[in-house]
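Okay, so here's the structure we're looking at.
Protein chains get the first letters and strands the later ones, always in sequence-line order, with residue 1 at the start of each.
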2 protein chains.
Amino acid sequence: MSTFTPARVTAAQESWELIRRLWTGNFPRMAALFAEFDLAKQQAFALVHLEPDQPKPMSELAASMFCDASNITGIADRLEARGLVERVPAAHDRRVKTLVLTPEGVRVRAVLAARMAEPPESVTSLSAADQRALRDILRRATDGA
Amino acid sequence: MSTFTPARVTAAQESWELIRRLWTGNFPRMAALFAEFDLAKQQAFALVHLEPDQPKPMSELAASMFCDASNITGIADRLEARGLVERVPAAHDRRVKTLVLTPEGVRVRAVLAARMAEPPESVTSLSAADQRALRDILRRATDGA
DNA sequence: TATTGTTATACTCTATAACTATA
DNA sequence: TATAGTTATAGAGTATAACAATA
């Protein structure tokens, strides 16, 4: 165990610490991926949060990204300047602007999402039985959530 | 499954997606914790990366945090201004400056680390058997790493 | 010559508060 | 009045490049 956990650890605490380690261990891989597309981290996440043919209100994106709505303005500006996203006013409420992936945005998002979904070696190197058991337990854990 | 994963998913891919969901689901809790101590995210992480009575060279901290060394200057400045950290020149190499937790830094770090190590409800609500199985699989996954 | 930490620069992200246009 | 998005502001993090002190 590490720095981040006390001396006596429950199975839940140790699991959480190992999950943290698994996740943060992937920072370099993610950073390299974003750099490859010359996208800032939040731009990449915003892109992946958008789905093809599913206009998403900016306020909704802010909620998904756990940030204030005012931040989305700038992020959308930069993605729009790159031609990856378009602002489309909502029909039912003229205050709302939705974000829509452009064809280029759809392409970039597909690659980003696929690469981000690739499990790290720590997971793929588990036995098939462990992989299934891990999935089943995590399904139970995230069931209500 | 979500946005982030393709239609046909292996157990490893789904596990990875569920881990992502578990981790990002904790953003609000972490944000609230950092706000409680009036610390920016990276300041909190830097603090937790430091251990009592273990002077850490700034360059080493940069490596742990996967960021450029130049960023640590500002982060250390702000932690030092708060009285949580001190810069102590290394004896063996006068180019190196180490960061050391002050007594107050030790106290704050202890609380931060403990709270960050608390597993989310998704994990604690698993059966005891599932918690142990999860821990064992994750141990095997992160074994080499 | 190479390395550690600093500085300068330019950019991105962050929340808050004030504004606009709608509702 | 209330809400969606924008703008302005101030602060924080980010990498790059140039610099000082030291090795």
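Closest to the side chain of A:K97, from the set C:dC13, D:dA23, D:dG5, is D:dG5.
Residue A:S59 has a polar side-chain atom (N or O) positioned under 4.0 Å from OP1 or OP2 of D:dG5.
Partners of B:E121 under the salt bridge (charged side-chain N to carboxylate O under 4.0 Å, His left out) rule, at least two apart in sequence or in another chain, do not exist in this structure.
In this model, no side-chain donor or acceptor of B:R94 finds a partner on the base of D:dT22 within 3.5 Å.
Ion pairing of A:E104 with A:R82 is absent here, as no side-chain N (NZ or NE/NH1/NH2) approaches a carboxylate O to less than 4.0 Å. Classification of B:E51 and B:R109 as a salt-bridged pair fails, no side-chain N sitting under 4.0 Å from a carboxylate O.
Annotation: proximity of residues 62-93 of chain A to DNA chain D (heavy atom, distance under 4.0 Å) is found for A:S70, A:T73, A:R87, numbered in ascending order.
Atom CZ of A:F27 is separated from atom P of D:dT14 by 10 Å (rounded to the nearest Å). When rounded to the nearest whole Å, the span between CZ of B:F37 and P of D:dA12 equals 18 Å. Computed from coordinates, the B:Q42 CD to C:dT12 P distance equals 18 Å when rounded to whole Å. B:L39 places its CG atom 16 Å from the P atom of C:dA15, with the value rounded to the nearest Å. In this structure, A:K41 places its NZ atom 8 Å from P of D:dT14, rounding to the nearest Å. Rounded to a whole Å, the CG atom of A:L61 is 14 Å from the P atom of D:dA4. Between the CD atom of B:E60 and the P atom of C:dT3 there is a distance of 16 Å, given to the nearest Å. Atom-to-atom, CZ of A:R95 to C1' of C:dT22 comes out at 6 Å; the value is rounded to the nearest Å.
Ring geometry for B:F45 against B:F34 counts as perpendicular: the plane angle is over 60°, on a 0 to 90° scale with 30° as the lower cut.
The line from CD of B:E17 to OG1 of A:T142 is 9.0 Å long, rounded to the nearest 0.5 Å.
For the pair A:A40 and B:T98, nearest-nucleotide mapping onto DNA chain C gives the more 5' position to B:T98.
Of the possible donor and acceptor atoms, one in the side chain of B:Q13 sits under 3.5 Å from a partner among the backbone N and O of B:T10.
Under the 4.5 Å side-chain heavy-atom criterion for ILVMFWY residues, a single connected hydrophobic cluster contains both A:M65 and A:L39.
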